[in-house]
Visitor: 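A single structure is presented below for examination.
All values below come from the heavy atoms of this structure, side chains included, with hydrogens, waters and symmetry mates left out. Just so we're on the same page: letters track the sequence lines, and every chain starts at 1.
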2 protein chains.
Amino acid sequence: MDPAKPSLELLRSLTDQHVLRALMQHRRLTRAELAAETGISKPTVGESVRRLTEAGVVVDTGERTPGGRGRGRVGSYYALAADAGTALAVSIAPEGIVAECVDAYGDTVSRAEQKIGRPARPQEVAAALRTAVAEARHSAGPTPHLAVVSAADPVHRTTGRMVQLPDSPFLLGELDPVEILAAHVDGPVTVDNDVNWAAQAERNNAGATTLTDFAYVFLGEGLGCAIVSDGEVRRGRTGLAGELAHLVTVGPSGQATRLIEVFGELGLRQSDSTAIDVDRLLAAATGTDPRALATRHALGQAVSGILAALGALADPEVVIVGGPWGSHPAILDTIAAAATQLPRHVPVRAAELMVEPSLTGARSDALNRLRAVIVAAAIGYSPPTPAS
Amino acid sequence: MDPAKPSLELLRSLTDQHVLRALMQHRRLTRAELAAETGISKPTVGESVRRLTEAGVVVDTGERTPGGRGRGRVGSYYALAADAGTALAVSIAPEGIVAECVDAYGDTVSRAEQKIGRPARPQEVAAALRTAVAEARHSAGPTPHLAVVSAADPVHRTTGRMVQLPDSPFLLGELDPVEILAAHVDGPVTVDNDVNWAAQAERNNAGATTLTDFAYVFLGEGLGCAIVSDGEVRRGRTGLAGELAHLVTVGPSGQATRLIEVFGELGLRQSDSTAIDVDRLLAAATGTDPRALATRHALGQAVSGILAALGALADPEVVIVGGPWGSHPAILDTIAAAATQLPRHVPVRAAELMVEPSLTGARSDALNRLRAVIVAAAIGYSPPTPAS
DNA sequence: CTTTCTAGGCAAGGGTCCTGCCTAGAATTG
DNA sequence: CAATTCTAGGCAGGACCCTTGCCTAGAAAG
C-alpha cells in the first residue's frame with residue numbers, strides 16, 4: 001500500500017522531521033524561528049523541541065540573547081546534539097585514497113589521504129583504505145553512521161564489489177569496500193563508480209536550471225559514462241551501465257569496431273594492461289602536424305559513435321565530457337565538431353567541476369543519507385529511503 | 001520541503017484515500033470489510049464513508065445481505081459512485097485507431113475502432129481519431145477525466161506532438177493528439193510512443209518477479225526501443241530516447257554504419273519512404289538458401305550492435321525483442337546467437353504480449369492516472385503525481 | 001520609569017483516531 | 001419454536017495532536 005497509514009504517530013513524526021530538517025539547514029534556531037521556518041505553530045514546535053531534547057537528539061546550545069536583533073525577550077538557540085553523528089565519504093582512485101567525515105550540516109569535519117602505488121595491488125589498496133578511514137575517524141568522534149564510496153572501477157550494484165570486465169582496465173583490483181568498511185561504520189556502505197558520482201556532482205552544480213537528463217562521458221585510462229535520467233543516475237541491473245568498452249563505433253579506417261579496440265589499433269593502449277596510455281595519447285593527438293590531426297580525427301570519430309548511441313538511447317539534454325584526455329581543449333573541440341556532423345545534434349560541453357568531482361558527488365550523497373538516518377532514528381516512523 | 005506538512009486534514013485525507021483505493025480494488029465492500037482491508041478502525045472507516053457518501057463520491061449500492069456468508073447482521077455494500085468517471089486510452093497506429101474508455105475498476109466500458117488508409121494522411125488520421133474517440137465516449141457516460149495516447153511515431157515529451165526525425169519513418173504524420181483530444185477530455189492528455197507503452201505492458205506482465213531494468217527492442221517498419229530503468233520507462237529530455245535509426249552498428253560488409261542505412265544497403269527499405277519493407281525483409285531473410293542465410297546474418301550483426309550499445313549504456317537484465325520481423329523465430333534465433341558472441345552477454349527473449357501490447361500499456365497507465373485523479377478530487381490534499 | 005516588543009508558555013477548542021461495548025438482526029442449534 | 005451464536009454498525013470514552021488566542025517575563029528604546 002503506497003500511502004502511509006494515517007495515525008497520530010505519523011503526524012508527530014512529521015512534525016519532528018520538519019524541525020530536525022530545519023535545524024540541519026540552519027544550524028541553530030529558537031523555537032519561534034523554527035515555527036516561522038516550518039510553518040508549524042509555536043506550541044507544536046515547542047512540544048517537538050521538548051521531545052527531541054528529551055531524546056537527546058537536540059540540545060539547548062546555551063546561546064541566548066538574539067544579539068540586538070530586537071528588544072524582546074531573549075530566546076534559546078537549539079541545535080542538533082553534538083553526537084548526532086557523521087557519515088564517511090571515500091574516494092578510491094589510482095591517484096590515491098581520500099576519506100572524509102561529514103556532519104549533518106554538510107561540513108567536512110576531518111579528512112585523510114593515502115597514496116597508493118602503481119600498478120595498485122589489492123592488498124595494498126585495502127590497507128591504504130583502512131588507514132585513511134581510521135585516520136579520518138580518529139579526529140571525528142564516534143563511529144560514522146554510514147559510508148559512501150566512490151571507486152575508479154566498475155562496481156556491482158547489489159554487492160558493492162568491484163568487478164573486472166573484459167577489456168576494461170582494472171585499476172584497483174578485486175576489492176570489497178563493503179566488507180573492508182563494515183568494521184569502521186555503523187550502518188550501510190554504499191559503493192558506486194566514480195563517474196556516476198562525478199555526474200551527480202555536476203548535476204548539483206548546474207545552478208538554477210537543474211539538469212535532469214544528461215550524460216557524462218569520462219575519457220581517461222578507462223572509458224566510463226554516467227547517464228542521468230529524470231534527475232537520477234541510472235545504473236542498470238548490475239550497476240554496469242556506462243561501461244563503454246564494447247560499444248560498437250567507427251574505427252580508424254571506417255570499419256565497425258568496439259570502442260576499446262580503436263585505441264589498440266591506434267597504438268594508444270598501455271602495453272601491460274587494458275588501460276589507455278593517456279600520456280601517449282595526448283602526445284600523439286595534440287599538436288598541428290598531420291599525424292596528430294589524423295589521430296585526433298580518428299578519436300573524434302570514435303567518440304562520435306558514443307554520442308550517437310547516447311543520443312539514440314538516452315536522449316540527453318547535453319553530453320558532458322570529462323577526464324584527462326577528454327577535457328583537453330584540442331580533443332574536446334574535435335569531439336564537438338564531430339558531434340555537429342551527427343544527424344541528430346547532441347550538444348557537448350566540458351565538465352565544470354574539476355577538483356575531486358567524484359568525491360564531491362559521494363559527499364553530497366553521504367550528507368543526504370546521513371540526514372535521513374538521523375531523522376529516521378529520532379522519530380519512530382521511517383519514510384521511504386532513496387534506492388541504494 | 002519534501003515531507004508534507006503535518007495537519008489533521010492530512011490524516012483525514014489519508015484515511016479517505018485508503019478507503020477509496022480499497023473500493024477501487026474490490027468494487028464493493030461493507031464498512032467492516034473496509035476496516036479489515038485498510039487496517040483502519042471501524043469507527044474511523046465509518047466516518048470516512050459518511051464523508052465520502054455526503055460528497056457523492058461513494059454510494060450505498062443497496063445490496064444488503066452478505067448472502068449466507070455468516071449469520072450476523074446484514075451489512076451495506078458501498079461502492080464508488082457511478083459517475084466517478086472514466087479515462088480514455090487510445091492507440092494510434094498504421095493498422096488503425098482504437099479508443100477505449102476504462103473506469104476506475106480497470107474495466108473497459110466501451111471501445112471503438114477506426115481504420116486508416118496507407119500511407120496515412122494527417123488530416124485523415126485526425127478525423128479518424130476524432131471519430132473513434134467520439135464513438136467510444138458515446139456509450140460511456142460523461143467526458144473522460146483524462147486521456148492516455150499511444151502513437152506509432154516519435155513523440156515529443158513536453159508537447160505531446162509527433163515529431164518527424166531524419167531517416168525515421170513517419171507513419172502518421174504531424175499530429176497533435178493533445179490538441180485534438182482537448183475537446184473530448186476534461187483533463188490532461190498524455191502521449192507517448194507505442195514501444196514505450198508496450199514495454200510497460202511487458203513489465204506489468206512479468207508476474208511475480210517484476211522487471212525493473214530491461215530494454216524492449218521493436219523491429220518493424222520503424223526501429224524503436226524502450227529502456228526501463230529502476231522500474232520506469234526513461235524517455236530522455238525530449239522523449240526521443242530509443243529512436244535507433246542513427247545508432248552506429250556493424251554494416252553488411254563490416255563497416256561502421258548507421259542502423260537505418262544497413263537496410264538501405266540490403267535493399268530492404270520501402271522505395272518511397274524511410275520505412276523498412278517488412279514483407280520484403282521477411283521474404284529475403286527467412287528460408288534456408290545461402291542468400292537468406294547471409295541476409296539474416298547481416299541483420300543479426302546489425303542488431304547485435306544495438307544489443308552491445310544497450311549492454312554498455314543501459315545494462316538491462318534482458319532485452320525483449322518484438323515487432324513483425326524481430327519476433328520472427330528464424331530472425332530472433334539469429335539475433336540471440338549474435339548476442340552470445342558479445343563480450344558482455346545480454347540475454348534476449350521474445351515479447352510475451354502479442355495482442356495490442358501498446359494499448360495494454362496505455363490502458364494501465366490511464367487506469368493509474370484515473371484513480372489518482374478521483375482520489376485527488378475527493379480529498380482536499382493532493383499527493384505527488386507520477387511524471388507525465 | 002514607561003512603553004514597546006519578542007520568546008515562550010498556558011488554556012481552550014476542535015479534530016482525528018483508537019479501544020471497548022452495545023444493539024439489531026439474521027442464521028444456527030437444540 | 002426458542003435460545004444461542006455471530007456479525008455489521010453505532011456509540012461513548014479517552015488519548016493525542018494541532019491551532020488560535022492570550023498571557024508573562026524580560027530586554028531594549030524612549
Side-chain angles (χ1 to χ4, degrees), chain A residues 3-19 22 26 28-54 58 60-79 379-381, chain B residues 3-19 22 26 28-54 58 60-79 379-381:
Chain A
K5 201 179 150 217
S7 75
L8 295 174
E9 185 194 345
L10 171 65
L11 271 194
R12 189 178 15 130
S13 71
L14 244 39
T15 303
D16 290 355
Q17 188 168 350
H18 276 90
V19 168
H26 295 92
R28 67 204 227 303
L29 294 167
T30 66
R31 287 169 161 93
E33 288 168 338
L34 276 168
E37 183 69 25
T38 59
I40 299 170
S41 72
K42 266 194 302 174
T44 303
V45 166
E47 261 306 291
S48 176
V49 168
R50 190 193 53 72
R51 268 197 305 270
L52 294 169
T53 305
E54 273 179 15
V58 162
D60 185 336
T61 59
E63 298 172 286
R64 286 303 133 94
T65 156
R69 177 177 58 214
R71 33 180 133 172
R73 170 176 173 182
V74 291
S76 305
Y77 278 114
Y78 290 86
I379 68 187
Y381 177 76
Chain B
K5 199 177 152 221
S7 73
L8 294 174
E9 185 194 346
L10 171 65
L11 271 194
R12 190 178 16 131
S13 70
L14 243 39
T15 302
D16 290 354
Q17 187 168 350
H18 276 92
V19 169
H26 295 92
R28 68 206 225 304
L29 294 167
T30 66
R31 287 170 162 91
E33 288 169 339
L34 277 168
E37 183 67 27
T38 59
I40 299 170
S41 72
K42 268 194 301 173
T44 304
V45 166
E47 262 306 290
S48 177
V49 169
R50 189 194 52 72
R51 269 197 304 272
L52 293 170
T53 306
E54 273 179 13
V58 162
D60 186 335
T61 59
E63 298 172 285
R64 284 304 131 94
T65 156
R69 178 178 56 210
R71 32 179 133 171
R73 170 179 174 181
V74 290
S76 305
Y77 279 114
Y78 290 86
I379 68 185
Y381 177 78

Visitor: From B/Asp16 CG over to B/Arg51 CZ, what is the distance, rounded to the nearest 0.5 angstrom?
Guide: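 It is 4.0 Å, given to the nearest 0.5 Å.
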Visitor: Should A/Arg31 be listed as having a side-chain N or O under 4.0 Å from OP1 or OP2 of C/dG9?
Guide: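 True: A/Arg31 side-chain N/O within range (under 4.0 Å) of C/dG9 OP1/OP2.
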Visitor: Expressed as a whole number of angstroms, how long is the span from B/Tyr77:OH to D/dT7:C1'?
Guide: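 One finds 12 Å between C1' of D/dT7 and OH of B/Tyr77, rounded.
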Visitor: Going by salt bridge (charged side-chain N to carboxylate O under 4.0 Å, His left out), name the residues that satisfy it together with B/Arg28, two or more places apart in sequence or in a different chain.
Guide: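 Result, salt bridge (charged side-chain N to carboxylate O under 4.0 Å, His left out) vs B/Arg28: B/Glu63.
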Visitor: Can you measure A/His18 atom NE2 to D/dC17 atom P for me and round it to whole angstrom units?
Guide: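 Between P of D/dC17 and NE2 of A/His18: 17 Å.
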Visitor: Just the table, please: protein N/O against nucleotides 24-26 of chain D N/O, every pair under 3.5 Å.
Guide:
| residue | atom | partner | partner atom | Å |
| --- | --- | --- | --- | --- |
| D/dG26 | N2 | A/Arg73 | N | 3.0 |

Visitor: Using 4.0 Å as the upper bound for N to carboxylate O, is an ion pair formed by B/Glu47 and B/Arg50?
Guide: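 So B/Arg50 pairs with B/Glu47 through a salt bridge.
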Visitor: What's the separation between atom CD1 in B/Ile40 and atom NZ in A/Lys5, rounded to the nearest 0.5 Å?
Guide: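 The NZ atom of A/Lys5 is 7.0 Å from CD1 of B/Ile40, to the nearest 0.5 Å.
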Visitor: Looking only at atom types and distance, does a side-chain atom of B/Thr61 sit under 3.5 Å from a main-chain N or O of B/Tyr77, one as donor and one as acceptor?
Guide: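 Present.
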Visitor: How long is the span from the CG atom in A/Leu11 to the CG atom in B/Leu14, to the nearest 0.5 Å?
Guide: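 Answer for the CG-CG pair, A/Leu11 versus B/Leu14, is 9.0 Å.
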Visitor: Using a 4.0 Å cut-off on protein heavy atoms (strictly under), produce a 5'-to-3' string for nucleotides 10-20 of chain C with B for base contact, S for backbone-only sugar-phosphate contact, and - for none.
Guide: B---BSBSBB-
Visitor: Report the distance from atom NE2 of B/His18 to atom CG of B/Leu34, rounding to the nearest 0.5 Å.
Guide: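 B/His18 atom NE2 to B/Leu34 atom CG measures 12.0 Å (nearest 0.5 Å).
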Visitor: Rounded to the nearest 0.5 Å, how far apart are OG1 of A/Thr15 and CG of A/Leu52?
Guide: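 Rounded to the nearest 0.5 Å, the OG1-CG separation comes out at 10.0 Å.
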Visitor: Starting at atom CG of A/Leu34, determine the distance to atom P of D/dT19, rounded to an integer number of angstrom.
Guide: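 A/Leu34 atom CG is separated from D/dT19 atom P by 14 Å.
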